[in-house]
Amino acid sequence: MPPPPTSPRRGLRALYPPPAALFRRHFSVAQLPPLSLLPPCPSLHQIRQAHALLVALGLSSSRAALGHLLAACAASPSPSPSLAYSRAVLGQIDVPNVFACNNFIRCLARSAAGDAAPGEALTFYGRMRRGSIPTNNYTFPFLLQACSKGSAVVYGGAQVHAHVVKLGHAGDVFVRNGLVHFYCECRCVGDARKMFDELPDRRDVVTWNAIIAGYARDEQVEVCEELFATMPERDAISWSTMIMGYVQGGLLEKGLGLFREMVERGVAVNEATYVSVLSASAQLGLLEHGQFIHSAIKAVKFPMTITVATALVDMYAKCGCIALSKQEALQLFERFMEEGLCPTSVTFVGVLNACSRAGLVNDGRRHFDSMTRVHGIQPEMEHYGCMVDLFARSGLVAEALEFVEGMRVPPDPVLWGTLLGACKTHGLVDLGVTIGNKLIELEPSHDGHYVLLAGVYAKARNWHNVAKVRQLMSSRGTSKSAGWSLIEAGGRVHKFTAGDREHERSTEIYQTLETIGQRLAEAGYSPDVSCVLHDIGEEEKVHVMKEHSERLAIAFGLMVIEAGHPIRVVKNLRVCGDCHEVSKMISKVFEREIIVRDGSRFHHFKEGSCSCLDYW
DNA sequence: TCGCCGGTCT
């Protein structure tokens with residue numbers, strides 16, 4: 001009888017000897033084949049596969065191998081969900097060496113700022129010192145990165161600085177850059193500058209970029225400009241940092257101008273630049289500009305990374321024009337999910353924010369759910385904020401409150417502020433008063449809280465308590481910041497305050513306001529004075545409101561901005577209800593698109609409606 | 001094994 005044919009299984013087994021034996025034959029332990037096969041940014045799944053191979057190879061307790069596994073965790077694109085895993089890996093090493101420890105600190109440093117993990121890095125460093133595990137120059141950049149994450153570790157960072165000096169690493173450029181970044185991050189740009197000035201020959205382009213970023217964060221744009229002009233060499237990051245400096249300092253047009261210069265000079269535009277410029281477009285509400293950048297990204301076939309996609313989602317969410325593209329952000333999100341990109345927690349802020357602005361309650365619920373359940377992303381305050389805003393604007397105040405109850409962290413003042421805004425809008429006086437008083441207690445010098453609380457009372461026409469809140473505010477030494485509106489025309493910035501008569505064309509402006517008033521009255525407008533918090537007569541209130549700064553700016557815009565072009569106004573405070581209504585009507589009656597960026601969001605007034613869907 | 005920039009809730 002002939003022997004039975006070899007089954008495929010047996011054939012395979014013949015081809016592949018047990019992996020451990022194969023690998024032992026071809027590689028030494030130091031070469032760590034399973035780990036060297038990992039891609040540069042491995043997913044947790046890929047890391048686990050490599051780990052399984054290590055076990056099969058009998059390397060599951062090798063200090064070197066486990067150290068490399070930790071390095072892979074640190075480089076993983078989603079370190080936060082794998083933190084438990086990193087801890088477990090570290091726990092497998094009897095006596096961790098400096099390499100393993102450094103990479104574990106890096107894992108901790110890379111987790112979300114709100115987590116306890118960055119703080120834990122300092123504790124862990126302390127254990128290293130006490131356990132006589134040596135530290136090296138690699139330890140400190142990671143440790144400082146962790147310190148930069150949370151304000152709770154500011155003093156820890158200063159202690160780390162002392163250790164850097166004591167242990168002789170103060171000359172290391174990487175360590176110095178970490179310190180400059182750390183001081184900038186905790187708003188001590190002066191200390192960062194000391195580091196920067198101290199050893200001029202221990203600086204590289206990163207040091208310059210870091211200090212420019214520090215001044216940018218501090219809104220000291222002139223210093224940024226000076227440093228940018230004098231730095232010995234610039235890379236793409238220098239350019240995008242300077243662009244960001246302009247954007248954060250409110251000099252948005254200048255930022256976009258520098259971007260143009262960068263492109264003209266042939267500096268390679270990188271991911272950060274696209275993100276900066278998209279952010280500038282978003283903040284300016286320049287939908288068309290943002291779309292132009294989007295098409296440029298497509299034209300040069302720039303890789304659609306998660307970061308770029310997120311910036312696009314953010315831009316579309318913020319610029320959302322009424323019918324045109326309010327759901328573009330969500331469509332984009334769906335599309336890149338289909339392409340298999342892995343969203344980050346920031347992506348979800350953009351997505352949830354888009355849902356909130358578009359009033360899409362069910363989509364918001366669905367995305368929030370998939371974020372936590374499918375992607376394992378722990379919600380942060382920003383996500384909660386979007387959800388609360390979403391519920392509140394849809395009138396689901398009870399659900400908003402229930403949601404707050406179920407949060408894993410206590411609400412921050414911003415979130416309470418969202419709820420207070422909802423109380424004002426929906427006329428929930430009792431709840432509004434409770435929250436308002438709580439907020440004033442939390443942040444007594446924040447003028448916005450008093451204004452909102454007074455607004456709650458004003459809505460109920462309780463002028464007595466409106467006056468009491470105003471008194472309380474002044475007795476605390478807090479005053480309502482003066483409102484102003486800006487408009488750009490003829491290459492100049494024109495600034496208006498309420499009732500302003502300083503402008504050279506003031507007479508014409510007030511005549512235009514009269515004309516506006518007449519035409520709106522013909523269209524059926526009647527003023528809503530509930531936003532005026534002074535205890536004055538109704539007639540006087542109408543008068544005060546009529547001269548709000550944005551009305552002067554819009555009137556001026558109607559005079560000088562060519563027909564067919566939108567009127568763009570930037571205002572520091574939030575738009576009042578009546579100015580909002582008036583702007584809507586002007587957009588219809590005068591057939592003019594008006595774009596007002598107020599203290600909290602954009603309002604695109606077009607054909608009688610507003611992109612904020614009347615909730616802000 | 002490293003650092004700098006960029007996207008986030010009223």
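Throughout, a chain's letter reflects where its sequence line sits, starting with A, and its residues are numbered from 1.
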When all nucleic acid strands are considered with a 4.0 Å heavy-atom cut-off, which category describes A:Val173: base, sugar-phosphate, or nothing? base

Holding to side-chain contact (heavy atoms from CB on, under 4.5 Å), I want the full list of residues that pass it with A:Val349, two or more places apart in sequence or in another chain. A:Glu382, A:His383, A:Cys386

Any side chain to side chain donor-acceptor pair (under 3.5 Å) involving residues 384-397 of chain A? Give me the pairs, sequence neighbours left out, ordered by first then second residue. A:Ser356-A:Asp389

By a strict heavy-atom criterion of less than 4.0 Å, which residues belonging to residues 241-248 of chain A are in contact with DNA chain B? A:Thr241, A:Met244, A:Gln248

Mind checking what makes salt bridge (Lys or Arg N to Asp or Glu O under 4.0 Å) contact with A:Lys438, not counting sequence neighbours? none

Tell me, please, the opening and closing nucleotides of DNA chain B, 5' to 3', among those with an atom under 4.0 angstrom from a non-hydrogen atom of chain A. B:dT1 to B:dT10

Pairing of A:Asp369 and A:Arg365 as salt bridge, 4.0 angstrom limit: no

Using a strict heavy-atom distance below 4.0 Å, which residues from residues 200-219 of chain A are in contact with DNA chain B? A:Asp204, A:Val206, A:Asn209, A:Ala213, A:Arg217

So what does A:Asn136 hit on the nucleic acid, given a heavy-atom distance under 4.0 Å: a base, only sugar-phosphate, or nothing? base

Atom pairs and distances, donor-acceptor, side-chain atoms in residues 267-274 of chain A, under 3.5 Å, two or more places apart:
unit_1, atom_1, unit_2, atom_2, d
A:Asn270, OD1, A:Ala272, N, 3.2
A:Asn270, OD1, A:Thr273, N, 2.9
A:Asn270, OD1, A:Thr273, OG1, 2.4
A:Glu271, OE2, A:Thr305, OG1, 2.3
A:Thr273, OG1, A:Asn270, N, 3.2
A:Thr273, OG1, A:Asn270, O, 3.4

Name the nucleic acid region contacted by A:Ser276, choosing base, sugar-phosphate or nothing; use a 4.0 angstrom heavy-atom cut-off, strictly under. sugar-phosphate

Answer with base, sugar-phosphate or nothing: what part of the nucleic acid does A:Arg574 contact at a heavy-atom distance below 4.0 Å? sugar-phosphate

What residues form a salt bridge (Lys or Arg N to Asp or Glu O under 4.0 Å) with A:Arg265, not counting sequence neighbours? A:Glu261

Heavy atoms only, 4.0 Å cut-off, all strands: where does A:Asp412 land among base, sugar-phosphate and nothing? base

Partners of A:Glu198 by salt bridge (Lys or Arg N to Asp or Glu O under 4.0 Å), sequence neighbours excluded? A:Arg176

Mind checking salt bridge (Lys or Arg N to Asp or Glu O under 4.0 Å) for A:Arg203 and listing every partner two or more places apart, or none if nothing turns up? none

Specify whether A:Phe348 and A:His375 have parallel, tilted or perpendicular ring planes, treating 30° as the upper limit for parallel and 60° as the lower limit for perpendicular. tilted

Going by salt bridge (Lys or Arg N to Asp or Glu O under 4.0 Å), name the pairs with one or both residues in residues 206-217 of chain A, residues two or more places apart or in two chains. A:Glu185-A:Arg217

Name all residues meeting the side chain to side chain donor-acceptor pair (under 3.5 Å) criterion together with A:His163; count only those two or more places apart in sequence or in a different chain, and write none if there are none. A:Tyr125

